[in-house]
Amino acid sequence: MGEKITMDADAGLQVPTDPIIPFIEGDGTGVDIWPAARLVLDAAASKHGHSIEWKEVLAGEKAYRETGEWLPQETVEVFTEYLIGIKGPLTTPVGGGFRSLNVALRQILDLYVCLRPIRWFEGVPSPVKHPELVDMVIFRENTEDIYAGFEVEAMTPDALKLRQLLEDAFGWRIREDAGIGIKPISKTGSQRLQRAAIQYAVDHGRPRIHWVHKGNIMKFTEGAFQRWGYELVREEFADVAVGWADCDGDPGDRILVQDAIADIALQQVLTRPTEFDVIATMNLNGDYLSDALAAQVGGIGIAPGGNANYVTGHGIFEATHGTAPKYAGQDKVNPSSVILSGVLMFEHIGWQAAADDIVRALESTIGDKVVTYDFARLMDGATEVKCSEFAQALVDRL
């Protein structure tokens with residue numbers, strides 16, 4: 001029987017050698033990639049004297065089939081109680097239907113950081129000439145911005161009510177056939193994300209941080225995010241970090257904090273990737289930026305993601321790609337995203353050696369050109385293997 005991971009306000013996460021970790025298998029190809037990832041995670045943990053008691057919880061299509069709910073309250077309660085979890089991809093309809101389950105979990109558990117490290121693994125096919133220059137970590141705010149879900153549908157009584165309120169209070173005239181969304185950006189939400197990004201840079205020896213924003217247009221939301229970030233550096237981190245304007249471009253031995261307009265940043269991470277390191281940004285910008293960067297290193301099939309609250313200790317780690325239902329059950333797709341999300345989970349709970357072993361095994365396997373179909377079709381001399389066989393190849397190299 002495993003034990004629960006707990007959180008101590010002073011000492012941080014308390015992780016037993018045999019933690020109970022909830023998991024969601026995921027929709028679509030979750031039936032293939034989750035067992036593959038579990039095989040690798042169990043093998044790496046065992047190598048270092050750990051064992052995991054996996055506890056399945058339901059969300060998405062499987063939950064709906066078995067309970068009639070897309071996100072059962074029991075699932076939320078289990079993640080709340082056990083602190084750490086991992087999940088495969090979940091279905092999210094476009095333009096209607098139910099709300100994103102991923103967004104719901106992030107907001108219910110206040111997982112304010114979406115952590116997206118982006119790096120290249122040697123041998124992975126890439127559309128750019130020098131993917132090895134991409135080594136960035138994105139801190140995407142998870143709970144505010146347009147993704148907060150404060151929307152009303154066009155041509156409904158709610159839209160009429162909100163449109164009339166905005167016109168009466170502020171003189172804002174909005175077309176009668178418009179849907180309306182609210183974009184909240186708070187100082188609290190901004191600075192706790194920025195604080196996490198700075199602390200990460202300190203802990204990992206990262207020399208640069210960029211606040212990415214569209215503050216030239218949205219001055220009181222994204223512009224405020226930029227301003228609050230620099231204030232935080234001056235007030236809490238002046239001994240280890242300094243803003244560009246406060247050092248004339250020469251930070252000495254401190255972390256250099258800069259900012260970049262979002263559209264320019266999307267260009268420069270492609271043309272000048274070595275100038276970016278740790279990036280902190282808001283929800284929508286972070287969504288665009290993390291996927292655009294993933295394309296430079298081989299696609300979101302090999303991009304991990306983690307959602308965390310560093311105060312409560314909660315974390316849910318997830319595959320960043322979609323469900324790809326047409327491939328479900330074919331034992332075909334690349335499980336690397338969920339495997340590397342497990343690496344982030346191991347790092348979060350302090351199992352760094354096991355995490356490092358998985359990364360080395362992945363590097364070795366891809367370096368030997370043993371890959372799933374998505375990479376095999378783009379590589380000369382590759383050995384194409386099934387999803388489960390790719391996982392076993394990693395285990396063999398552990």
Side-chain angles (χ1 to χ4, degrees), residues 99-100 102-116 136-152 158-159 162-163 165-166 169-172 174 178-201 209-237 241 243-245 257-266 268-269 276 278-293 305-312 314:
R99 185 183 178 198
S100 166
N102 298 320
V103 172
L105 280 169
R106 294 165 189 167
Q107 294 190 345
I108 291 169
L109 296 173
D110 198 24
L111 304 174
Y112 59 88
V113 168
C114 179
L115 182 66
R116 293 285 300 271
M136 306 177 206
V137 181
I138 297 175
F139 280 73
R140 168 190 171 195
E141 205 289 320
N142 244 350
T143 64
E144 296 189 322
D145 200 5
I146 297 299
Y147 282 49
F150 300 141
E151 289 187 304
V152 290
D158 285 342
L162 181 55
R163 196 174 70 249
L165 172 65
L166 294 173
F170 301 105
W172 298 350
I174 299 173
I180 304 172
I182 305 297
K183 178 187 178 75
I185 302 290
S186 70
K187 183 175 183 179
T188 297
S190 297
Q191 288 195 334
R192 66 179 182 174
L193 176 87
Q194 292 160 336
R195 187 177 292 112
I198 297 170
Q199 191 59 56
Y200 181 95
I209 298 172
H210 277 82
W211 312 137
V212 172
H213 62 91
K214 194 63 180 166
N216 58 327
I217 305 300
M218 291 171 277
K219 299 179 186 300
F220 304 127
T221 52
E222 304 215 3
F225 176 89
Q226 180 242 39
R227 185 175 70 254
W228 290 327
Y230 284 127
E231 289 176 3
L232 181 70
V233 172
R234 297 186 191 104
E235 293 169 4
E236 296 185 21
F237 294 94
W244 179 271
V257 182
Q258 304 165 261
D259 68 277
I261 302 299
D263 47 327
I264 298 172
L266 281 163
Q268 291 179 338
V269 295
F276 290 83
V278 174
I279 295 171
T281 188
M282 286 143 292
N283 217 327
L284 184 60
N285 294 335
D287 203 355
Y288 294 151
L289 192 58
S290 56
D291 280 12
L293 276 170
N307 305 280
N309 183 316
Y310 294 120
V311 177
T312 65
H314 285 92

If you apply the rule side chain to side chain contact (heavy atoms under 4.5 Å, CB included), what do you find for L109 with N309, and how did you get there? CA-CA 8 Å; L109 296 173; N309 183 316; over 6 Å; no

If you apply the rule side chain to side chain contact (heavy atoms under 4.5 Å, CB included), what do you find for W211 with W228, and how did you get there? CA-CA 10 Å; W211 312 137; W228 290 327; over 6 Å; no

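- Partner of K214 under the side-chain hydrogen bond (donor to acceptor under 3.5 Å, both in side chains) criterion, chosen from T221, D263, N285: D263.
- By the 30° and 60° cut-offs, the orientation of the rings of Y310 relative to F139 is tilted.
- Side chains of N307 and L105 form no contact here, defined as non-hydrogen atoms less than 4.5 Å apart.
- Rounding to the nearest 0.5 angstrom, the gap separating the OG1 atom in T281 from the NE2 atom in H213 is 8.5 Å.
- Under the salt bridge (charged side-chain N to carboxylate O under 4.0 Å, His left out) criterion, the residue pairs touching residues 216-226 are K183-E222, with sequence neighbours excluded.
- Counting only heavy atoms from C-beta outward, the side chains of E151 and I180 never approach each other to under 4.5 Å.
- Of the possible polar contacts, one joining the N283 side chain to the E141 backbone as a donor-acceptor pair under 3.5 Å is found.
- Side chains of R140 and Y147 form a contact here, defined as non-hydrogen atoms less than 4.5 Å apart.
- Rounded to the nearest 0.5 Å, atoms CD (Q226) and CE (M218) are 13.0 Å apart.
- A search for side chain to side chain donor-acceptor pair (under 3.5 Å) contacts involving Q258 returns nothing, not counting sequence neighbours.
- Between atom CD1 of residue I146 and atom CD1 of residue I185 there is a gap of 8.0 Å, rounded to the nearest 0.5 Å.
- The line from CD of Q194 to CG of L232 is 6.0 Å long, rounded to the nearest 0.5 Å.
- Heavy atoms only, all atoms of each residue included: A201 and V278 are closest at CB-CG2, 4.2 Å.
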Going through the checks in order, is the side chain to side chain contact (heavy atoms under 4.5 Å, CB included) test met by F150 and L162? CA-CA 11 Å; F150 300 141; L162 181 55; over 6 Å; no

Pair Y200, I209 - check side chain to side chain contact (heavy atoms under 4.5 Å, CB included), show working. CA-CA 10 Å; Y200 181 95; I209 298 172; over 6 Å; no

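- E144 has its side chain out of reach of Y112: every pair of non-hydrogen atoms, C-beta onward, lies at least 4.5 Å apart.
- In terms of heavy-atom proximity, A241 sits nearest to V257 at CB-CG2, 4.1 Å.
- Across S290 and G286, no two heavy atoms sit closer than the pair OG-O, 2.8 Å.
- The backbone N or O of L284 lies less than 3.5 Å from a partner atom in the side chain of D145, making a donor-acceptor pair.
- Heavy-atom minimum distance, A280 versus A197: CB-CB, 4.0 Å.
- D110 is linked by a side chain to side chain donor-acceptor pair (under 3.5 Å) to R192, counting only residues two or more places apart in sequence or in another chain.
- Taking each heavy atom of S190 and F225 in turn, the nearest pair found is OG-CD1, 3.3 Å.
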